[in-house]
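Here the structure is laid out as structure tokens; the discussion comes afterwards.
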Amino acid sequence: MGTKRAKASTPLRRISVYVEEPERGWFQWVLAEAAEGLSIWHDLKAAEEWEPTYKQAMAEGLLALQGLIDDLDQGPRAEPPRPKPSSAVFGFGFGLPDPG
């Protein structure tokens, strides 16, 4: 069974989410992007507020990563694709953020 595979016009950005523990029992997500060759990573963004659990920090980091991506079906591109109309489905399955 074959599948059609369209070649992407721009490469995916290599962005990671990781969690640090700046103080014992407090966790902070960080987004980092690989430079050429994948041996050097540069931090893009970090949480301003820390979370009491690793799990919550990772979930918030994934939401922050998702916020950088115009089209979740295509991923983060070196040059963003044209935005498409938003859908009712939200990203990685964490649900919509709680506004308050």
> What closest approach, in Å, do Phe27 and Ala57 show between heavy atoms, and which atom pair accounts for it?
Replying inline: CB-CB, 3.7 Å
> Is there side-chain contact between Val30 and Val19, with heavy atoms separated by less than 4.5 Å?
Replying inline: no
> Arg13 and Glu33: salt bridge (charged side-chain N to carboxylate O under 4.0 Å, His left out), yes or no, with the steps?
Replying inline: CA-CA 7 Å; Arg13 294 170 64 189; Glu33 184 166 15; 2.8 Å; yes
> Do the side chains of Leu31 and Ser16 get nearer than 4.5 Å, heavy atoms only?
Replying inline: no
> Can you pull the side chain to side chain donor-acceptor pair (under 3.5 Å) pairs that have at least one residue in residues 20-30, sequence neighbours excluded?
Replying inline: none
>> Strictly by side chain to side chain donor-acceptor pair (under 3.5 Å), give each pair with a member in residues 40-55 just once, sequence neighbours left out.
In response: Tyr18-Asp43
> How far does CG of Leu68 sit from CG of Leu63, to the nearest 0.5 angstrom?
Replying inline: 11.5 Å
>> So, taking the atom named CZ in Arg77 and the one named CG in Asp71, what distance separates them when rounded to the nearest 0.5 Å?
In response: 9.0 Å
